[in-house]
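Working notes for the structure below.
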Amino acid sequence: MPEIPLEGGFVTRVVRVGDTVRRVPAERSGFVHALLEHLREHSWPGAPRFLGFDAQGREVLSFLPGHVAWRPEDAVAVRTFDALRGVARLVRELHDLTAGTPLAGASEVVCHNDLAPKNTVYRDSGAGLLPVAFVDWDLVGPGERIHDLAHVCWQYLDLGPGWTDAEAAGEMLHEMVGAYGPGACEDPADLVDTVLWWQDRCRRGIEEAARRGHPAMIHLRETGVVREIEEAHAWTLHHREALLRGLRR
Ligand SMILES: Nc1ncnc2c1ncn2[C@@H]1O[C@H](COP(=O)(O)OP(=O)(O)OP(=O)(O)O)[C@@H](O)[C@H]1O
Ligand SMILES: [Mg+2]
């Protein structure tokens with residue numbers, strides 16, 4: 001069967017073979033596969049199924065048909081209230097399915113840790129594109145609900161200098177937190193501060209891995225991703241109060 005390269009990834013070479021996807025497993029693939037198995041046992045449709053390994057040692061996952069919003073213009077097209085609320089609800093399902101399990105350990109839940117439009121499969125139900133599943137589970141691990149929720153707010157709203165009205169961005173944050181439901185953050189300030197924490201963590205992570213010679217991270221640095229994250233962090237810090245006004249609406 002032919003191998004068709006899939007677009008939207010910048011770290012792993014991912015190909016489609018029939019109804020499956022093949023990718024080099026992550027460092028902590030044992031945990032990833034245990035989580036995917038747990039989600040399968042609960043018949044959760046929001047993640048691919050882990051089907052084993054192929055002769056080249058690549059992990060075999062089910063291919064999820066739909067539209068992955070990996071281009072910048074795709075990400076803008078899925079920034080509708082309905083799609084954003086849908087993402088928040090999917091994250092809630094993931095968290096509720098893992099809360100209190102051995103996979104979450106001493107933490108609240110298992111977090112995906114890389115939720116973004118480029119890792120989300122959308123389908124058109126007749127009322128526009130809506131999220132149905134997440135891919136790219138390499139960075140999953142035990143974590144707190146607010147971690148994924150803040151990452152989602154940063155990535156799906158593209159919080160940063162592209163926004164001219166920070167309070168309007170804050171109102172969209174309010175919608176997403178509402179769609180997630182109670183229990184992730186009592187104080188809206190925690191959400192904005194966790195966005196800042198993520199932005200700082202991602203920038204440092206890419207810089208450090210690039211310094212160690214990781215080719216994909218060098219590529220990200222060279223294509224301006226580190227600078228973009230720095231600018232997004234500066235914007236979020238500068239507009240913290242306006243974001244909070246929108247969030248507390
Ligand atoms: N199970 C799947 N079903 C359908 N498409 C998939 C699946 N897994 C991956 N893809 C597609 O392949 C692309 C790359 O996969 P993936 O996100 O796993 O790679 P990556 O290089 O680790 O990504 P990143 O740059 O986000 O770290 C995705 O953006 C998506 O378009
Ligand atoms: Mg990806």
Side-chain angles (χ1 to χ4, degrees), residues 1-29 31-33 35-40 43-54 56-78 83 87 90-91 94 111-124 129-141 148 151-152 154-156 158 198-199 201-210 214-226 228-229 232:
M1 267 213 238
E3 298 206 347
I4 305 162
L6 289 173
E7 291 183 290
F10 305 92
V11 177
T12 321
R13 195 179 113 80
V14 182
V15 296
R16 178 178 177 182
V17 182
D19 289 339
T20 71
V21 163
R22 315 287 170 107
R23 60 201 299 293
V24 176
E27 254 171 58
R28 293 171 48 256
S29 64
F31 184 88
V32 178
H33 299 154
L35 172 69
L36 294 179
E37 185 53 22
H38 174 76
L39 298 175
R40 185 192 65 75
S43 307
W44 191 56
R49 302 288 173 244
F50 171 61
L51 304 170
F53 295 95
D54 70 7
Q56 295 177 40
R58 298 177 299 188
E59 62 183 7
V60 183
L61 303 166
S62 59
F63 175 80
L64 301 172
H67 170 81
V68 176
W70 63 271
R71 292 186 188 85
E73 60 269 28
D74 295 331
V76 173
V78 293
V87 166
L90 265 184
V91 181
L94 165 69
C111 285
H112 180 289
N113 287 324
D114 199 11
L115 293 170
K118 68 180 171 140
N119 289 330
T120 306
V121 180
Y122 292 83
R123 280 181 213 142
D124 195 345
L129 288 173
L130 293 175
V132 292
F134 300 123
V135 298
D136 197 354
W137 292 77
D138 286 358
L139 299 181
V140 283
D148 267 346
H151 200 277
V152 157
W154 169 28
Q155 289 289 313
Y156 290 76
D158 197 15
W198 264 122
Q199 291 167 330
R201 188 171 188 249
C202 286
R203 178 191 54 76
R204 278 189 292 108
I206 297 170
E207 273 176 343
E208 280 162 24
H214 191 300
M217 298 301 137
I218 293 172
H219 177 73
L220 286 182
R221 193 181 56 190
E222 282 171 0
T223 51
V225 172
V226 168
E228 278 170 24
I229 300 176

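Hydrogens, waters and symmetry mates play no part in the numbers below; they use all other heavy atoms, side chains included. Indexing begins at 1, ligand by ligand and atom by atom, following the structure's order. Position 1 is the first residue of the sequence, and the numbers go up from there.
Looking only at heavy atoms of the protein, atom 21 (O) of ligand 1 is closest to Thr12 N, 2.7 Å. When hydrogens are left out, the protein atom nearest atom 29 (O) of ligand 1 is Lys118 O, 2.9 Å; that is the closest non-hydrogen contact. In this structure, the protein non-hydrogen atom closest to atom 15 (O) of ligand 1 is Val14 CG2, 3.4 Å. Scanning the protein heavy atoms around atom 25 (O) of ligand 1, the nearest turns out to be Phe10 N, 2.7 Å. Atom 7 (C) of ligand 1 has as its closest protein heavy atom Val135 CG1, 3.6 Å. Looking at atom 31 (O) of ligand 1, its nearest protein heavy atom turns out to be Glu7 O, 2.9 Å. The shortest contact between atom 18 (O) of ligand 1 and any protein heavy atom is with Arg23 NH2, 2.9 Å.
Counted within 6.0 Å of CD on Glu73, heavy atoms from surrounding residues, nucleotides or ligands total more than 12; the atom is thus considered enclosed. Dense packing is recorded around CG of Asp54, with more than 12 heavy atoms of other residues, nucleotides or ligands lying under 6.0 Å away. When the shell of 6.0 Å around CZ of Arg123 is examined, it contains more than 12 heavy atoms from other residues, nucleotides or ligands.
When all heavy atoms of Arg49 and Ala47 are compared, the pair lying nearest together is NH1-O, 3.5 Å. When every heavy atom of Gly141 is checked against every heavy atom of Phe31, the shortest pair comes out as CA-CE2, 3.8 Å.
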Salt bridge (charged side-chain N to carboxylate O under 4.0 Å, His left out) between Arg23 and Asp136, intermediate numbers included: CA-CA 10 Å; Arg23 60 201 299 293; Asp136 197 354; 3.4 Å; yes
Ile229 and Trp154: CA distance, side-chain angles, deciding distance, side-chain contact (heavy atoms from CB on, under 4.5 Å) verdict: CA-CA 10 Å; Ile229 300 176; Trp154 169 28; 4.1 Å; yes
Val87 and Leu115: CA distance, side-chain angles, deciding distance, side-chain contact (heavy atoms from CB on, under 4.5 Å) verdict: CA-CA 9 Å; Val87 166; Leu115 293 170; 6.0 Å; no
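Contacts of Val21 with ligand 1, taken as heavy-atom pairs under 4.0 Å, involve the side chain alone. Contact annotation: for Phe63 versus ligand 1, heavy atoms closer than 4.0 Å belong to both the backbone and the side chain. Contacts with ligand 1 closer than 4.0 Å are made by heavy atoms of both the backbone and the side chain of Val11. With a 4.0 Å heavy-atom cut-off, ligand 1 is reached by the backbone of Leu64 and by its side chain too. With a heavy-atom cut-off of 4.0 Å, Ser62 touches ligand 1 through its backbone alone.
The contact set between ligand 1 and Pro48, taken as ligand atoms under 4.0 Å from a residue heavy atom, comprises 1 (N).
The residue from Gly9, Ala133, Pro5 that puts a heavy atom closest to atom 14 (C) of ligand 1 is Gly9. Nearest to atom 24 (P) of ligand 1 by heavy atom, out of Asp136, Leu6, Val121, is Asp136.
For Asp158, the side chain to side chain donor-acceptor pair (under 3.5 Å) test picks out no residue, with sequence neighbours left out.
Of all protein atoms, those of element N, O or S that lie under 2.8 Å from the Mg ion (ligand 2) number 2.
Salt bridge Glu37/Arg40: present, at least one basic N to carboxylate O contact under 4.0 Å.
Arg13 does not count as a contact of ligand 1, since none of its heavy atoms falls under 4.0 Å from the ligand. Within the structure, the closest approach of Asn119 to ligand 1 falls below 4.0 Å when heavy atoms are considered.
Between Trp137 and Trp44, the ring planes lie perpendicular to each other; the angle is over 60°, past the 30° to 60° tilted range.
Tyr122 places no side-chain N or O within 3.5 Å of a backbone atom of Val132 that could act as its donor or acceptor partner.
For ligand 1, the polar-atom distance check finds no N/O of Trp70 at less than 3.5 Å from any of the ligand's N/O atoms.
For the atom pair CE (Met217) and CD (Glu222), the distance works out to 13.0 Å, reported to the nearest 0.5 Å. From Met1, atom CE reaches atom CG of Asp19 across 7.5 Å, with rounding to the nearest 0.5 Å.
Within the 4.5 Å cutoff, the side chain of Val68 has no heavy atoms near those of the Asp74 side chain.
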